[in-house]
Every structure is written in structure tokens, then in C-alpha cells.
Amino acid sequence: MTGPRHEFRYRVYWEHTDAGGVVYHARYLNFLERARSDWLTAMGIHQTRLRAEAGLIFVVTRVEIDFRRPARLDDELAVGVCVEHCGRARLDFVQDIHRDGELLITATVRAACLHADRFTPARLPKDLVERAREPIKNE
């Protein structure tokens with residue numbers, strides 16, 4: 001399954017950059033994480049509630065990033081999220097970051113659903129699997 005691409009916008013601040021005003025390579029992970037979290041929230045799935053009510057959490061188990069161009073201080077970034085595969089206990093995402101239409105990075109991210117108390121694999125919530133195939137309302 002390949003779901004629709006969703007896009008979220010974020011600004012680059014000093015905290016994201018090195019002394020030269022260029023985004024430090026590890027900070028791209030923050031932008032990717034924020035977009036995946038905002039994607040879940042936009043679908044009505046709140047991670048704190050998911051943990052409290054169902055005892056489920058998500059953990060990243062794999063990331064691969066291809067760096068193409070640097071982002072810089074004050075850039076407005078468009079961070080894309082697309083579900084490439086939805087398994088029983090994991091989601092595989094394809095993500096990208098653009099600035100003014102220019103591709104800066106591409107990434108593949110694997111997130112596993114776990115029982116919060118045991119850190120063992122757990123089945124993805126049914127409503128998440130169903131919603132992952134649909135565009136987010138008001139997008």
C-alpha cells in the first residue's frame with residue numbers, strides 16, 4: 001500500500017543549525033519525526049492517548065537518509081510524509097524535505113508499534129490502518 005503524501009511546513013531556527021547557519025545533519029531527523037507526529041495528530045490519533053488508553057507506542061527501528069542540498073537558517077521547509085507499507089505491527093514511510101520546490105533530502109523510516117510496558121510488537125490500531133490510506137481532511 002502506498003498512501004497519499006501529506007505535507008507539513010516548518011521554519012529552520014538557530015537551534016537546528018551549526019555555526020555557519022546550515023542545518024546540522026542530525027536535525028533533519030527532528031523535522032521528519034515532527035511531520036510523522038503531526039500526521040498522526042491530523043488523523044485524530046494522539047500518541048499520549050494511544051499510550052494511556054491502549055498501552056501502545058511507536059518506535060523508529062530504521063532510518064535511511066539521502067542528503068542532496070543543505071537547508072539553512074530561516075528556510076521554510078515542506079516536509080512530506082507518505083505511508084509506503086502498512087504491516088501488522090509496523091509502518092514504513094517515505095519522507096522528503098523541500099525548500100521552495102527544491103528537493104533537499106529523501107528518507108525512508110520504519111516505525112514499529114509496541115506494547116509500552118513490554119516493548120514487544122503490537123498490532124497497529126485498526127483505525128490507524130484505515131486512515132493511513134486516506135487524505136487528511138482540511139489538507
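Heads up: numbering here begins at 1 and tracks the sequence.
- Between Ile105 and Leu32 there is a side-chain heavy-atom pair separated by less than 4.5 Å.
- Just one of Arg62, His85, Arg110 meets the side chain to side chain donor-acceptor pair (under 3.5 Å) condition when paired with Asp92; it is Arg110.
- Separating the CG atom in Leu56 from the CZ atom in Arg123 is a distance of 12.0 Å, to the nearest 0.5 Å.
- Cluster annotation: Leu73 and Val23 are assigned to distinct hydrophobic clusters (Ile/Leu/Val/Met/Phe/Trp/Tyr, side-chain heavy-atom contacts under 4.5 Å, transitive).
- A distance of 8.0 Å separates CG in Asp127 from CE in Met43, rounded to the nearest 0.5 Å.
- Annotation: the span from Tyr13 atom OH to Asp75 atom CG amounts to 12.0 Å, rounded to 0.5 Å.
- With Leu40 as the fixed residue, the side-chain contact (heavy atoms from CB on, under 4.5 Å) test singles out one of Ile45, Leu91, Val81: Ile45.
- In this structure, Phe8 and Tyr10 have parallel ring planes: the angle between them is below the 30° cut-off, well short of the 60° mark.
- Judged purely by atom type and a 3.5 angstrom limit, Asp18 uses its side chain to pair as donor or acceptor with the backbone of Gly20.
- With contacts defined as side-chain heavy-atom distances shorter than 4.5 Å, the pair Val60/Glu33 qualifies.
- Counting all heavy atoms, side chain and backbone alike, Arg69 lies closest to Leu103 at CG-O, 3.7 Å.
- A chain of hydrophobic side-chain contacts below 4.5 Å, direct or via other Ile, Leu, Val, Met, Phe, Trp or Tyr residues, connects Val63 to Val83.
- Considering CG of Leu77 and CG of Asp100, their distance stands at 9.5 Å, rounded to 0.5 Å.
- Contact of the His46 side chain with the Thr41 side chain is registered, since non-hydrogen atoms from C-beta on lie closer than 4.5 Å.
- Distance check, rounded to the nearest 0.5 Å: CZ of Arg90 to SG of Cys113 gives 13.0 Å.
- Shown here for Ala71 and Arg99, the closest heavy-atom pair between the two residues is CA-NH1, 3.6 Å.
- The stretch residues 22-31 participates, sequence neighbours left out, in no side-chain hydrogen bond (donor to acceptor under 3.5 Å, both in side chains) pair at all.
- Taking all atoms of both residues into account, the shortest heavy-atom contact from Phe31 to Arg11 is CE2-O, 4.0 Å.
- For Gly44 against Arg49, the heavy-atom pair with the smallest separation is O-NH1, 4.4 Å.
- What you find for His115 and Pro121 is that their closest heavy atoms are CD2-O, 3.3 Å.
- When side chains are defined from C-beta on, Arg36 counts as touching Gln95, because their heavy atoms get closer than 4.5 Å.
- Classification of the Phe93-Trp39 ring pair by plane angle, with boundaries at 30° and 60°, yields perpendicular.
- Across Ala122 and Ala89, no two heavy atoms sit closer than the pair O-CB, 3.1 Å.
- Proximity of Ile97 to Phe67: side-chain heavy atoms (C-beta onward) are nowhere separated by under 4.5 Å.
- Inter-residue side-chain proximity for Val12 and Arg72 is flagged as unmet; no heavy-atom pair is nearer than 4.5 Å.
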